[in-house]
Amino acid sequence: MSSWTAEIEAKWQQRWYEAGIFEANRDDRPKFMMIFAYPGLTGYLHVGHMRGYTYVDAITRYKRMCGFNVLFPVGTHATGNGAISLAKRIREKDQKTTDYLLANGCPPEKLADLTEPQKVVDFFNQVYVNQYWKRFGFLADWRRFTSTTNPDYGQFIQWQFRKLHDRGLLIQKPYFAPACVECGPVAVDASETDLSKGGNAETNEYTLLKFRCGDLFLVAATLRPETVYGQTNFWVNPDVEYVKVRRKGEPWVISRPSYDKMRYQKDDLVLEGTIPGTELIGKTCVAPVIHREVPVLPATFCKPDVGTGLVTSVPSDAPDDWISLKLLQEDEATMARYGLDPAMVRAIEPIPIIETKGYGPLPAVEMIDKMGIIEAGDPRLDEAKKAIYKDGFHTGRMSSNAGQFSGMKVEEAKELIKQMMIESGEAELFYDLSEEVICRCGRPVVIRKVPDQWFIDYANPSLTEDSKRHAKSMQILPQDYYVNIQGVLDWFRERACVRQGNWLGTRFPYDNKWIIEAISDSTLYPIYYLVSHYYNSGQLPLSSLTEEFFDYVYLGKGDAAQVAASIGVSVELLERIRKDVSYWYPLDINLGGKEHMTVHFPAFLMNHVAILPEELWPRGIFVNWYVTGKLGKISKSKGGAEPIPDAAERFGVDALRLYYANIASPFADVEWDENAIDNYSSRIDRILRTVDELKALPGAERQKVDDWLLSRMSNRALAIARAMEEYDLRRTSNEAYFETLSDVRWYMRRGGGNAHTISHLLRSWIRMMAPITPHVAEEMWAGIGEQGFVSTTPFPTSDELPTDALAEASENYLKEVITDINEILKVTGIAPRRLYLYVSPKWKRDVLELGLELARSKQLSVPGLTKAVMAKDDLKRRGKESADFARKTAEDLLKRSEVELSKLAMDVDEKAYLQDAAVFLARELGCEVGVYSADDPTAPDPQKKARAAQPHRPAIYVE
RNA sequence: GCAGGGGUAGCCAAGCUUGGCCAACGGCGCAAGAUUGAGGGUCUUGUCCUUAGUGGUCCGAGGGUUCAAAUCCCUUCCCCUGCACCA
């Protein structure tokens with residue numbers, strides 16, 4: 001992009017910021033407050049992030065021009081371990097991290113400085129504000145900037161949690177969560193940079209089944225507790241050395257790896273010794289629930305690192321169990337080796353326990369036969385297991401062998417059987433990850449018990465109900481989400497809200513050892529922007545941000561004078577802030593990416609509902625989709641993702657802004673494509689050039705096409721106003737940057753050039769572009785001699801310019817005639833020397849009139865119109881000709897919609913309009929043009945085409 | 001596992017809530033013409049088949065409702081996304 005672009009961007013940004021037009025101060029105008037969900041400070045952002053942010057700037061600019069007092073505050077979310085781990089990696093001089101930082105424009109000398117988490121936070125705060133948001137020309141109220149690790153923000157969060165506690169929404173209970181044994185809690189997620197392995201792991205809940213075996217308990221782990229009724233034997237891996245541990249006084253046998261994991265979940269586990277698997281084989285043990293003695297048999301599929309390394313055998317429904325049993329029954333050598341009685345082993349038969357649609361009584365047996373599996377290690381066993389489990393769980397019912405659960409759906413029975421065993425002391429729970437997860441520090445991640453975890457009770461019924469009811473009154477886009485959020489709010493349940501370990505954030509007010517986690521401190525914050533600038537400017541000292549301060553300014557609780565005195569600020573200031581809150585809140589729109597749909601938005605809404613009075617509950621949510629695809633590839637290429645400032649430099653900020661606004665619906669992902677942005681860039685250039693051309697026109701009389709153009713602009717303003725009711729920037733930009741340009745080109749082509757028209761056109765057009773491409777809009781605004789910022793000028797309304805439906809219909813008619821002419825020229829391949837146009841004779845227009853009249857009164861029919869036509873003497877006189885035309889007209893009109901009918905009803909003076917345009921047509925076609933009436937017997941008509949003329953459809957003859 | 005989205009002409013992508021201005025916005029690409037002493041750029045026109053401005057076929061596939069369906073209903077195939085102390 002040319003340096004000209006960067007120059008005007010810098011110029012207008014400087015002027016806006018110097019003039020302070022972004023500052024939002026309470027006054028008498030209606031207000032509009034909008035935010036985007038602030039980004040987490042985890043490093044550099046990429047061009048995809050700017051999509052949503054740009055929507056907010058464009059929408060708030062539009063609202064500002066529509067007369068609203070606009071508040072668009074920004075902040076950042078620094079809570080978490082992102083800054084800590086980044087600082088750590090920098091400290092360790094991690095090469096990848098260094099490359100990443102440098103590629104994104106971090107000055108090399110800065111690196112040494114970024115070894116402290118807080119320095120990292122400060123650094124990125126500055127990057128986001130200056131290199132991203134200001135670089136894009138945002139009119140955010142910079143004075144209100146806040147970040148979640150700032151001490152004042154912490155005061156606010158502590159207040160928020162006190163309010164949650166007051167409402168009884170903080171609860172405490174044990175919790176099992178993934179944690180690195182060294183670094184503390186981590187999120188197990190594929191995108192999580194704090195993991196070096198296993199991001200896709202899931203947490204499984206195993207039921208530990210205790211089998212009494214002499215004076216020991218063999219402890220098997222199962223994901224299917226409902227299958228206990230089908231147990232036939234017990235599996236032990238002869239190659240594994242198990243450990244003996246004491247649990248609540250009981251001697252348990254489990255595998256070593258399971259002990260290593262289990263001790264993070266069961267505090268009293270004591271390791272007492274080891275016992276080889278072979279020592280157990282051949283014994284019997286008592287199976288839980290069914291209380292039968294079952295033999296302990298050898299099996300090699302029991303892996304020590306899955307579950308407890310011990311398995312209860314349910315050959316009816318577990319393919320592994322069935323194949324192992326079958327093979328053992330045929331394996332004399334193995335039975336002999338372990339001294340097993342072959343008769344006893346062969347007597348074991350699967351017990352049917354679950355009836356599943358599409359399966360016989362023994363699904364595992366059936367499946368193994370069907371798949372032809374004959375070996376214990378067959379990888380398809382896993383597939384078979386999953387299929388049986390899935391079908392059995394969703395569609396199965398417990399069979400008559402399942403005791404009191406017979407006939408019950410598996411889905412229900414599973415939970416009940418598990419509970420029953422836990423209550424009777426025959427079972428316990430154990431959580432494990434589905435695959436190995438390794439922290440970036442190299443240590444394993446395990447599921448750890450947190451005995452006294454705090455939760456926010458989002459499952460609270462009245463909170464849920466109030467939130468759902470309120471959501472129905474909100475403007476939520478897209479429409480689908482308006483519906484779905486009801487379900488999300490229902491589903492939203494208790495959520496762990498504090499944690500320990502490496503973490504930046506606010507201390508939990510009721511217990512200092514906890515730090516509030518990342519999602520819980522980012523829900524109510526929009527209201528904090530109404531306080532932050534008083535703190536930032538020094539008017540409110542940190543010590544004044546007490547519970548009673550927030551109670552007063554947010555909830556109106558307490559006495560102003562008393563509160564003011566106790567916190568040491570003036571009553572005036574306190575009341576001013578209180579008034580600010582009442583004025584600016586509720587928040588009109590919270591915009592965020594689609595990842596927020598199931599967590600942030602419901603939490604955002606529920607915290608508002610829980611803490612604030614109803615009149616301060618938010619009014620709108622806007623969800624935007626991503627910029628995706630090639631981005632990933634770019635980010636892995638040598639230079640990393642193209643940094644935002646570089647993209648701004650290359651393409652121009654306005655081109656990027658237009659790209660975001662127009663490339664697709666906000667509710668669809670788009671693939672980053674540099675060609676597309678180039679196109680938007682060149683579109684802006686074309687518009688600039690067209691504006692210059694318009695200004696350079698020599699001047700012309702006012703013509704019909706002037707009425708057309710002004711009317712089009714008027715309707716355009718109306719269309720934009722409608723589109724913006726739903727914040728539809730795509731339609732808006734389509735009108736302003738595509739439709740208008742094509743109209744203007746048409747106007748010029750038609751010979752338009754009236755100075756008065758052009759002046760009105762430009763004044764409207766430039767203002768229409770100001771929200772999306774503000775820099776070039778300002779430049780053009782100044783270029784037409786306007787004073788002041790277009791950014792603060794009222795947005796054009798349809799009232800400003802005259803609408804003229806006839807002028808539009810007439811011009812449209814001309815365009816259709818030209819389309820027909822082109823069609824003929826194309827088909828015939830004639831290079832025209834002369835063009836004859838014959839407009840409809842009057843009598844045909846009369847027939848159409850009659851038809852339209854009947855259509856208006858819903859009485860149109862073919863015979864009806866013919867009758868009406870025959871009732872008129874002058875038409876009747878034409879005989880068959882008029883009857884035929886009446887039939888044709890009626891048939892045609894019957895097919896048309898109301899809109900089309902109303903267009904046909906427009907009283908376009910065809911002949912006059914075509915005559916007026918004859919010079920233009922002649923120039924366009926490069927030939928003579930004659931316009932005649934088909935009524936006129938003296939008109940030249942070499943091919944007798946005139947009789948084909950119809951209303952709104954002149955006959956055409958070219959030669 | 002829980003929740004949800006989508007398949008539209010060579011490509012990207014509107015339309016679908018409220019059936020009829022839909023052969024289907026717009027853009028890209030491609031082709032032709034104009035301008036330009038190359039190229040690029042810009043402007044105009046065209047870009048499903050057929051055709052003196054007509055007619056035919058079409059919106060993943062199959063069926064249905066209707067005077068009328070890309071739009072509503074059913075069946076079916078295929079893609080994709082979000083969430084589970086990352087925000």
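Proteins come first, then strands; the chains are lettered A, B, ... in the order of their sequence lines, and each starts at number 1.
Checking B/A87, B/A84, B/A14 against every side-chain atom of A/Arg493, the shortest atom distance belongs to B/A84. Nearest nucleotide to the side chain of A/Glu900, out of B/A87, B/C21, B/G6: B/C21. Across B/G82, B/A87, B/C25, the shortest atom-to-atom separation from the side chain of A/Ile519 is found for B/A87. Nearest nucleotide to the A/Asn484 side chain, out of B/G26, B/G5, B/U42: B/G5. Ranking B/A87, B/G26, B/C43 by closeness to the A/Arg730 side chain, first place goes to B/G26. Among the nucleotides B/G27, B/A87, B/C43, the one closest to any side-chain atom of A/Arg683 is B/G27. Of the candidates B/A84, B/A14, B/G5, B/A84 carries the atom nearest the A/Val599 side chain, counting heavy atoms from C-beta on. The side chain of A/Tyr38 approaches B/A87 more closely than any other nucleotide in the set B/C21, B/A87, B/G26.
Between the side chain of A/Tyr525 and the backbone N or O of A/Tyr38, at least one donor-acceptor pair lies under 3.5 Å. Of the possible polar contacts, one joining the A/Gln453 side chain to the A/Val498 backbone as a donor-acceptor pair under 3.5 Å is found. A donor-acceptor distance shorter than 3.5 angstrom exists from the side chain of A/Ser665 to the backbone of A/Phe667, with no hydrogens or angles considered. Side-chain N or O atoms of A/Thr148 include one that pairs as donor or acceptor with a backbone N or O of A/Thr79 at under 3.5 Å. A side-chain donor-acceptor contact under 3.5 Å links A/Arg51 to the backbone of A/Tyr626. A donor-acceptor pair is defined here as one N or O able to donate and one able to accept, closer than 3.5 Å; such a pair exists between the side chain of A/Tyr132 and the backbone of A/Leu45. With hydrogens and angles ignored, the 3.5 Å screen pairs a side-chain donor or acceptor of A/His600 with a backbone N or O of A/Ser522.
For B/U35 and B/C16, the C1' atoms lie 43 Å apart once the distance is rounded to whole Å.
If you take CE of A/Met748 and P of B/U44, they are 10 Å apart, rounded to a whole angstrom. Nucleotide B/A3 holds its P atom 15 Å from the CG atom of A/Leu489, rounded to whole Å. Regarding A/Asn675, its CG atom lies at a distance of 11 Å from the P atom of B/C28, rounded to whole Å. Atoms CG (A/Asp892) and P (B/A68) sit 18 Å apart, rounded to a whole Å. Per the geometry, OH belonging to A/Tyr431 stands 18 Å off P belonging to B/A84, to the nearest Å. Distance CG (A/Asn679) to C1' (B/G26): 12 Å, rounded to an integer number of Å. The separation between A/Leu688 atom CG and B/U42 atom P is 13 Å, rounded to whole Å. We find that CG of A/Asp678 is positioned 19 Å from P of B/C12, with the value rounded to whole Å.
Pairing partner, B/A52: none, since no Watson-Crick or wobble contact has both distances short of 3.5 Å. As the counterpart of B/C30, B/G46 is assigned, both hydrogen-bonding distances of the Watson-Crick or G-U wobble pattern falling under 3.5 Å. Applying the Watson-Crick and G-U wobble criteria (two distances, each under 3.5 Å), B/C2 pairs with B/G82. The base-pairing partner of B/U36, taking Watson-Crick or G-U wobble contacts with both distances under 3.5 Å, does not exist among the strands shown. For B/U57, there is no paired base (Watson-Crick or G-U wobble, both distances below 3.5 Å). Both distances falling under 3.5 Å, in either a Watson-Crick or a G-U wobble arrangement, occur for no nucleotide opposite B/A23.
Of the side-chain N and O atoms in A/Arg689, none sit less than 4.0 angstrom from OP1 or OP2 of B/G41. For the OP1/OP2 pair of B/U45 and a distance below 4.0 Å, the side-chain nitrogens and oxygens of A/Arg749 include at least one atom meeting the criterion. Between A/Arg686 and B/C43, a side-chain N or O to OP1/OP2 separation shorter than 4.0 Å is present.
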Treating primed atoms plus P, OP1 and OP2 as sugar-phosphate and everything else as base, which nucleotides of nucleotides 46-59 of chain B get B, S or - for protein heavy atoms under 4.0 Å? SS---BBBS-----

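Between A/Pro185 and A/Glu726, the residue anchored closer to the 5' end of RNA chain B is A/Glu726, taking for each the nucleotide with the nearest heavy atom. Of the two residues contacting RNA chain B, namely A/Lys594 and A/Ala664, the nearest-nucleotide position lying further toward the 5' end is that of A/Ala664.
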Determine, step by step, whether A/Arg947 and A/Asp941 satisfy the salt bridge (charged side-chain N to carboxylate O under 4.0 Å, His left out) criterion, reporting the C-alpha distance in whole Å, the side-chain angles of both residues, the deciding distance to 0.1 Å, and the verdict. CA-CA 10 Å; A/Arg947 62 185 170 195; A/Asp941 188 6; over 6 Å; no

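Looking only at atom types and distance, the side chain of A/Arg495 has no donor-acceptor partner in the side chain of A/Ser520 under 3.5 Å away.
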